[in-house]
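Comments concern the structure below.
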Amino acid sequence: MFSLYRSMRPVFHLALLLAAGFLTGLPPATAAAEAPAVDIRVEGDGWGTASREEIEGLLYSVAEQLLNSSAASLNRPIVVTHESGSPVTLFKKGGSGEYRVQLSATNRGWAQYAYQFGHEFCHIMSNYDVRGDDPARRENQWFEEALCEAAGVHALRSMAERWEVEAPFPSWEAYAPRLRSYADRLVSEPHRQLPPGVSPQGWLQTQLPVMSHNPYLRDDNEVVANLLLPLFEQSRDNWSALRYLNLAPAGAGTDLAEYVRQWRRSAPAEHRLFIDSVAQLLGVPAETGVGVAARVPSSSAF
């Protein structure tokens, strides 16, 4: 099904898939005009019973849920390979400057592929490579990790809805309930819920020092992801705001309030109201610069 596009590389975009009618019900000319340009290449072995063509179709479906057609195109291809262990987007680019993503999903566990790639694709959208791996710029990385966890769940939910009527391959439409079930199970996990009687702001005041020190505390990040997800799912356009995260120059302030303000300054006007709503959820007014703990009463609710 996707062999046509293999022969057309390196000019290999989601627009081509959409124009062929594989991922949308729009007329081909309209689909091609509205599709965001993104180049995803599945390479290597270790995928089990799944073919590279199948995996690419799945990963393009994930990208479609997060990269709005109105957003700027990604400027580098994404090469996806299999590696056991935790999924990761590598800081070191490929020989031609391509992003390198490693997934651990195998066989035809499409829900796991979607969840993992949704998370990693979010890191690319969020300019993880501009942020870099400098410890001085990692104080707020927990927020990016939480965003990307929310993105993985959102990809599952929106793909489940889309696949009910139109999947990358017709036989995959029956898989839509399994995508939805996977997302529902994740969101309902006990460790992703706030403790009884604790407000989001009060919880963040307590956990922020720990998360700022270690951005990979998954249980904490997933609590934040559950809080952020409803905001992002109010409009698909909200995901495009991630394209303007982490663009502040090196040496910029690392306080959470300043970090959010820098995001807002980097974003076009159409995203600023949404970013303000995220700031409010975090208890960090984007237009002021005081610390989170001194700013919001712990009794406040969102």
Side-chain angles (χ1 to χ4, degrees), residues 66 68 70-72 119 122-123 125-128 130-131 136-154 187 192-195 198-215 217 220-302:
L66 296 170
N68 191 301
S70 65
H119 184 113
C122 170
H123 280 302
M125 289 180 64
S126 301
N127 306 297
Y128 82 103
V130 177
R131 166 178 54 79
R137 300 196 68 184
R138 292 178 60 187
E139 184 174 347
N140 298 298
Q141 187 182 336
W142 63 268
F143 178 63
E144 182 185 327
E145 295 295 338
L147 288 173
C148 293
E149 180 61 29
V153 175
H154 168 74
V187 170
R192 295 176 185 247
Q193 318 308 315
L194 287 172
V198 177
S199 72
Q201 293 172 341
W203 180 88
L204 182 60
Q205 288 174 346
T206 300
Q207 297 303 116
L208 185 58
V210 179
M211 294 190 297
S212 298
H213 180 72
N214 183 356
L217 298 173
D220 288 346
N221 294 340
E222 289 167 358
V223 171
V224 180
N226 264 20
L227 297 173
L228 290 169
L229 188 59
L231 283 181
F232 276 89
E233 291 193 327
Q234 288 175 4
S235 170
R236 180 178 169 182
D237 290 343
N238 290 341
W239 294 105
S240 297
L242 300 185
R243 300 299 306 279
Y244 307 97
L245 192 66
N246 293 319
L247 293 180
T254 55
D255 172 79
L256 178 60
E258 178 63 16
Y259 180 71
V260 174
R261 288 199 307 275
Q262 290 167 353
W263 179 23
R264 190 181 192 277
R265 293 172 193 145
S266 299
E270 62 264 27
H271 293 303
R272 290 174 185 165
L273 187 61
F274 168 70
I275 294 172
D276 287 345
S277 71
V278 174
Q280 182 181 3
L281 179 115
L282 296 173
V284 182
E287 295 304 313
T288 61
V290 293
V292 66
R295 186 163 52 274
V296 182
S298 60
S299 60
S300 298
F302 295 106

Can you run down the salt bridge (charged side-chain N to carboxylate O under 4.0 Å, His left out) pairs that involve residues 202-214, sequence neighbours left out, and say none if there aren't any?
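Sorted result for residues 202-214: empty, none.
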
Tell me which pairs pass salt bridge (charged side-chain N to carboxylate O under 4.0 Å, His left out) where either residue lies in residues 224-235, with sequence neighbours left out.
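As it turns out, the salt bridge (charged side-chain N to carboxylate O under 4.0 Å, His left out) pairs with a partner in residues 224-235, which skip direct neighbours, are R157-E233.
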
Does [Y] offer a backbone N or O that forms a donor-acceptor pair with the side chain of [X] under 3.5 Å?
X    : Y    : answer
N246 : S126 : yes
R264 : D276 : no
N226 : V187 : yes

Looking only at heavy atoms, what is the nearest atom pair of [X] and [Y], with distance?
X    : Y    : value
Q262 : A248 : OE1-CB, 3.2 Å
F274 : A241 : CD2-CB, 4.0 Å
Q201 : G283 : NE2-CA, 4.0 Å

To the nearest 0.5 Å, what is the distance between [atom1] ([X]) and [atom2] ([Y])?
X    : Y    : atom1 : atom2 : result
L227 : L194 : CG    : CG    : 5.0 Å
R243 : S266 : CZ    : OG    : 13.0 Å
Y259 : Q141 : OH    : CD    : 8.5 Å
D255 : N140 : CG    : CG    : 7.5 Å
Q280 : I275 : CD    : CD1   : 14.5 Å
S212 : Q207 : OG    : CD    : 10.5 Å

With a 4.5 Å heavy-atom cut-off, do [X] and [Y] have their side chains touching?
X    : Y    : answer
N238 : L231 : no
L147 : L245 : yes
P200 : L281 : no
C122 : H119 : no
R192 : V153 : yes
V224 : E149 : no

Using the ring-ring contact (aromatic ring centres under 6.0 Å, His included) criterion, which residues pair with F143? Sequence neighbours excluded.
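Here the qualifying residues are W263.
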
Could you tell me which residues satisfy ring-ring contact (aromatic ring centres under 6.0 Å, His included) with W142, sequence neighbours excluded, listed by chain and number?
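Scan of W142 (ring-ring contact (aromatic ring centres under 6.0 Å, His included), adjacent residues dropped) gives none.
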
What residues, two or more places apart in sequence or in another chain, satisfy salt bridge (charged side-chain N to carboxylate O under 4.0 Å, His left out) together with E145?
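Per chain and number, E145 pairs via salt bridge (charged side-chain N to carboxylate O under 4.0 Å, His left out) with no residue.
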
Partners of E144 by salt bridge (charged side-chain N to carboxylate O under 4.0 Å, His left out), sequence neighbours excluded?
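Counting only residues at least two positions away or on another chain, E144 forms a salt bridge (charged side-chain N to carboxylate O under 4.0 Å, His left out) with R131.
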
Strictly under 6.0 Å, is that where the ring centroids of F232 and H154 end up?
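Here the rings of H154 and F232 have centres that are no less than 6.0 Å from each other.
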
Sequence neighbours left out, what passes side-chain contact (heavy atoms from CB on, under 4.5 Å) with [X]? Give chain and number order.
X    : result
P209 : none
T206 : none
V210 : L217

Sequence-distant partners of R265, side-chain hydrogen bond (donor to acceptor under 3.5 Å, both in side chains), two or more places apart
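Listed in chain order: E258.
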
